[in-house]
Amino acid sequence: MLGDFFLSAPWRRFLFRLLPGTTLGLALLAELLAFAADPIPYRRHDLDRLALAVELDNDSPERLLHSIIIGDSVTQDVLKTYTIGGDENVADLTTNKASGLAGSYLLMKRFLGRHAPPRHLVIAATPEFFTYLPEGEAARIYLRTVFRNSDEVDFLGSYLPAEEAFFMPAALEMDERLGKKFLALLAPNPSAIKMGGRAPDPGAQVAMGIMNNFIRDDVERRGRQTLEIPEQNVLVFRDMCGLAEEYDFSIHFQIAPLPQTVYSSWKQSGVLSNFEADISRLFESECKNTKVFTDYGISIVPDVAMRDADHLVRHDWTNFYAVLLNDLILSLD
Amino acid sequence: MLFSSAEFLFLFLPLTLLAFHLLRIYQGGRAAMAATVAASLFFYGWWNPPYLLLIITSIGGNFFYTRALATNPGRWKLLSALGFNLALLGYFKYRNFFLENVDYLIGDGLTEPGSLGVIFIPLGISFYTFQQMALLLDANDGAVKKTPDLLEYSQFILFFPQLIAGPIILYREMVDQFTRLEANHGAGLSLFGPGLVVFTLGLFKKVCLADGIAQFANLAFSSHASITMLEAWAGILAYSLQLYFDFSGYSDMAVGLGLMFGFCLPLNFDTPFRARNMIDFWKRWHMTMTRFFMMYVYSPMALSLSRYGLKHFSHAGMIFILAVACPIMVTFLLSGLWHGAGWTFVIFGAVNGLGLITNHAWKEWGKIRLPFILSWALTLLTVLVSFVYFRAENLVVAHNILEAMFSPAAFLLPNWLESLAVLTGLPWDSLTMFSAGSYAVRCFVWVVVLGVLSLWLPNWAKTYNDLAPSWRLSLAVSFMGFMAIGWLDKPQTFLYFQF
């Protein structure tokens with residue numbers, strides 16, 4: 001068969017009839033299945049599950065919450081292990097940086113639509129959480145495909161740059177539009193949001209390990225970055241304050257512990273003072289009728305407390321941050 | 001350009017195929033070969049045009065030496081030809097490694113900015129240099145039945161499907177195919193269908209499987225300082241599967257492309273993770289490289305050392321060391337160094353060399369035959385340990401990963417299994433890589449599914465002659481094609497390009 005100089009009859013049939021036929025058939029089938037699977041919410045990452053849990057969990061709407069904590073992964077990391085606030089009723093809505101401030105806002109809005117409001121909102125995060133603006137794939141994976149209710153879509157329409165609209169056949173996105181939807185169907189519904197089971201230990205000692213060069217480079221690189229709050233995030237703050245006013249809760253800030261090198265670098269270059277001035281100015285102008293407390297103290301930790309540029313070494317230093325957060329929550333009336 | 005890039009798939013490949021087959025039909029085989037040589041130069045120059053000068057110099061020099069050796073062999077001529085190749089390879093691939101080590105020993109700041117500096121390794125230099133060295137050795141031995149002219153020689157070296165990362169082809173397996181093409185008796189389009197099928201499988205393996213699992217390996221190795229036992233094992237298993245699907249996918253694409261042009265290129269992988277011992281593994285993994293080292297390094301060395309051993313010693317152990325252990329270790333240290341200019345690669349070679357020597361010694365003196373599952377597991381364990389060195393950026397990273405893999409103190413359950421940990425009394429913690437249960441489950445599923453596929457996926461690059469063009473095959477090709485094209489825009493690179 002293969003000795004022929006030209007295509008043999010079976011391969012001619014394969015290339016000119018079978019292959020185009022199955023390709024077209026598969027494309028149509030994928031389109032149909034993708035259309036049917038579209039309403040199924042994804043379960044790709046923590047935020048998908050959290051957003052769904054918030055939407056599904058409305059078992060105690062009448063119970064008054066003490067606080068909601070929002071923030072990025074450095075705080076999420078701590079709350080996955082520790083229970084913050086003791087016996088108080090605290091909701092953990094921390095995410096990671098990729099969904100940005102807008103993701104936290106939408107999550108909170110979704111939460112408030114189904115639960116009793118809290119007395120306090122604690123924003124505990126790195127400074128970069130306020131300056132980061134999700135774009136491209138991050139915006140798609142952590143915002144656009146997570147928050148799909150009509151009001152959320154409208155909000156994201158004004159927050160994110162307009163997306164180029166072009167038709168992409170479902171057959172070319174089978175993993176995303178079929179595979180992950182199918183897996184989401186198989187997964188059980190995410191349960192209510194729970195913090196870790198460990199109690200923060202104020203008496204625990206911290207170890208001073210050895211820092212490797214990769215982490216040192218990362219920390220130094222972070223210290224060279226600037227902190228500018230984009231206009232879109234200013235508007236998110238304004239909307240967040242709108243929620244605080246509507247549901248009558250106060251807003252408290254806690255900057256996650258900064259490694260010494262980053263703190264010194266930002267202090268020296270004026271990045272930190274500018275950032276703090278921006279935050280204060282922002283609340284003065286956008287949150288006139290909201291109780292906002294920005295009198296946090298920045299905790300500085302040695303560079304060896306970091307396991308990368310942003311995250312703290314477990315457990316010594318995560319416990320240190322957990323104690324800090326716990327004290328803050330317990331100090332709120 | 002990458003085989004899995006849009007510009008290659010939708011522009012370069014169709015245009016080159018069209019030009020090749022039209023010229024072959026209307027102008028003859030030599031015109032078609034000239035077109036592929038020109039296209040291959042464009043393909044190579046796409047990354048870094050100045051390196052075209054290097055490959056052209058290498059081809060020019062080697063073509064001259066090959067013809068000279070084919071007509072009049074000679075030891076000094078051969079040594080000078082090999083020296084020419086080793087000098088190019090040494091300067092462009094090993095110069096930095098050499099300088100770094102000298103720098104380390106004498107602290108002279110040779111690799112500091114402003115001194116001799118660093119250079120980028122030209123793509124595929126190890127592959128095309130080895131192919132040419134093999135031809136030189138064959139020419140000197142009188143094993144070249146038809147001396148190539150410049151066009152044939154250029155086609156042999158530059159043919160783009162194998163130029164960057166092999167398979168390492170021998171002139172003797174291509175010469176008849178060139179001759180038939182020149183006489184218009186080549187395979188023509190008869191292999192196009194199987195070629196397309198094999199290429200699509202390779203593209204799918206590379207883009208969907210290898211790049212899909214890469215995230216787990218990358219995270220494990222970047223978190224090496226704080227990694228735990230479960231994460232380290234998951235990381236190295238993920239990397240082994242990534243490497244296999246990456247390189248075997250590339251090799252399938254190369255074989256498939258060759259078939260589309262009517263050329264049969266040699267097989268490079270034969271389900272290596274099925275190997276029941278180290279000897280078997282190296283008969284299945286990167287087969288053309290193993291063949292090169294066996295033919296041109298191991299065999300001559302083993303032959304002369306065997307003769308020396310038999311003449312001077314009577315103790316079987318001593319003869320084994322001389323005739324088997326030494327040649328294997330030297331060959332694998334060199335093969336490690338061939339893979340990359342770094343101590344991690346040298347140790348990769350040493351681990352495999354040790355594994356093979358142990359395997360040969362067991363064959364020679366082992367009293368019992370190990371059950372299949374045990375010998376398979378031991379083989380896999382040796383391969384995994386060697387892959388830790390293959391992947392690690394430096395020895396510190398490698399040792400951190402190995403320590404986590406084998407140290408009981410590194411065993412911790414993740415925090416989301418806290419209740420199980422409390423129940424069993426095992427230690428637990430919030431882990432770096434497996435901080436979320438869903439991520440760990442995803443990693444587990446990837447490793448299991450790809451592990452099964454690595455053992456059971458059909459090797460169409462080997463059996464393309466027996467492929468039946470049915471609707472099932474068509475559906476499989478459509479599915480793999482859609483999946484691969486859909487994933488093209490994700491970040492990717494071929495692991496073996498650096499070699």
Side-chain angles (χ1 to χ4, degrees), chain A residues 1-15 17-27 30 43-46 48-49 73 76-78 80-82 137 168-176 179 183 187 196-198 209-215 307-308 311 313-315 318, chain B residues 25 184-194 196-197 208 212 222-226 259 262 264 393 396-397 400 415-416 418-419 422 429-432 435-439 441-442 445 464-465 467-479 481-490:
Chain A
M1 178 181 69
L2 298 178
D4 295 343
F5 191 66
F6 295 104
L7 281 169
S8 62
W11 280 106
R12 232 186 356 255
R13 183 171 154 269
F14 177 86
L15 288 173
R17 281 168 54 193
L18 283 179
L19 197 55
T22 50
T23 303
L24 189 66
L26 197 60
R43 315 278 176 88
R44 297 158 300 184
H45 40 64
D46 280 351
D48 275 338
R49 282 181 287 276
S73 56
Q76 186 185 45
D77 198 26
V78 167
K80 273 185 176 175
T81 308
Y82 298 93
E137 272 293 276
M168 178 63 85
L172 293 178
E173 295 180 328
M174 277 195 277
D175 63 318
E176 194 72 24
L183 289 177
R198 232 174 235 192
I210 299 163
M211 193 180 193
N212 74 39
N213 289 337
F214 300 105
I215 301 173
R307 67 166 205 268
D308 57 35
H311 300 93
V313 169
R314 296 164 182 140
H315 281 292
T318 47
Chain B
I25 292 164
N184 282 340
H185 293 300
L189 280 166
S190 65
L191 298 172
F192 187 89
L196 182 69
V197 172
C208 300
S222 64
S223 323
H224 64 94
S226 57
L259 293 173
C264 299
E393 288 90 7
V396 175
V397 175
N400 282 347
N415 59 333
W416 39 271
E418 184 184 348
S419 47
V422 170
D429 208 330
S430 48
L431 309 187
T432 307
S435 62
S438 59
Y439 186 83
V441 170
R442 220 164 59 227
V445 170
Y464 62 83
N465 267 317
L467 278 175
S470 61
W471 70 268
R472 279 193 204 91
L473 183 69
S474 162
L475 196 62
V477 170
S478 302
F479 174 76
F482 272 133
M483 287 294 290
I485 291 170
W487 282 39
L488 283 186
D489 57 350
K490 300 194 176 181

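By convention in this document, chain letters (A, B, ...) are assigned in the order of the sequence lines, proteins followed by strands, and residues within each chain are numbered from 1.
Proximity to chain B is absent for every atom of A/Ala187, based on heavy atoms less than 4.5 angstrom apart. The contact between A/Arg198 and chain B is made entirely by side chain atoms (from C-beta outward), counting heavy-atom distances below 4.5 Å. In this structure, chain A has a heavy atom under 4.5 Å from the side chain of B/Val197, while its backbone stays farther away. For B/Phe479, the parts lying near chain A are the backbone and the side chain together; criterion is any non-hydrogen pair under 4.5 Å. A/Arg12 does not touch chain B: none of its heavy atoms, backbone or side chain, sits under 4.5 Å away. Only the backbone of B/Ser470 comes within less than 4.5 Å of a heavy atom of chain A; no side-chain atom from C-beta onward does. Interface remark: B/Leu473 contributes backbone and side-chain atoms alike to the contact with chain A (heavy atom separation under 4.5 Å).
Of the listed residues A/Thr23, A/Asp308, A/Leu15, the one with more heavy-atom pairs under 4.5 angstrom with chain B than any other is A/Thr23. The greatest number of non-hydrogen atom pairs below 4.5 Å with chain B, out of A/Ala27, A/Ala30, A/Gly25, is found for A/Ala27.
Heavy atoms only, all atoms of each residue included: B/Pro469 and A/Phe14 are closest at CB-CB, 3.6 Å. Here the closest non-hydrogen pair linking A/Arg44 and B/Arg442 is O-NH1, 3.1 Å.
In terms of the side-chain hydrogen bond (donor to acceptor under 3.5 Å, both in side chains) criterion, A/Arg13 has no residue partners (sequence neighbours excluded).
Without hydrogens or angle criteria, A/Arg307 side chain to B/Ser223 main chain gives no donor-acceptor distance under 3.5 Å. In this structure, the side chain of B/Ser474 engages the main chain of A/Leu18 through a donor-acceptor pair within 3.5 Å.
With rounding to the nearest 0.5 angstrom, the CH2 atom of A/Trp11 is 5.0 Å from the CG atom of B/Leu467. For the atom pair NE2 (A/His311) and OG (B/Ser226), the distance works out to 11.5 Å, reported to the nearest 0.5 Å. To the nearest 0.5 Å, atom CZ of residue B/Phe192 and atom CG of residue A/Leu7 are 7.5 Å apart.
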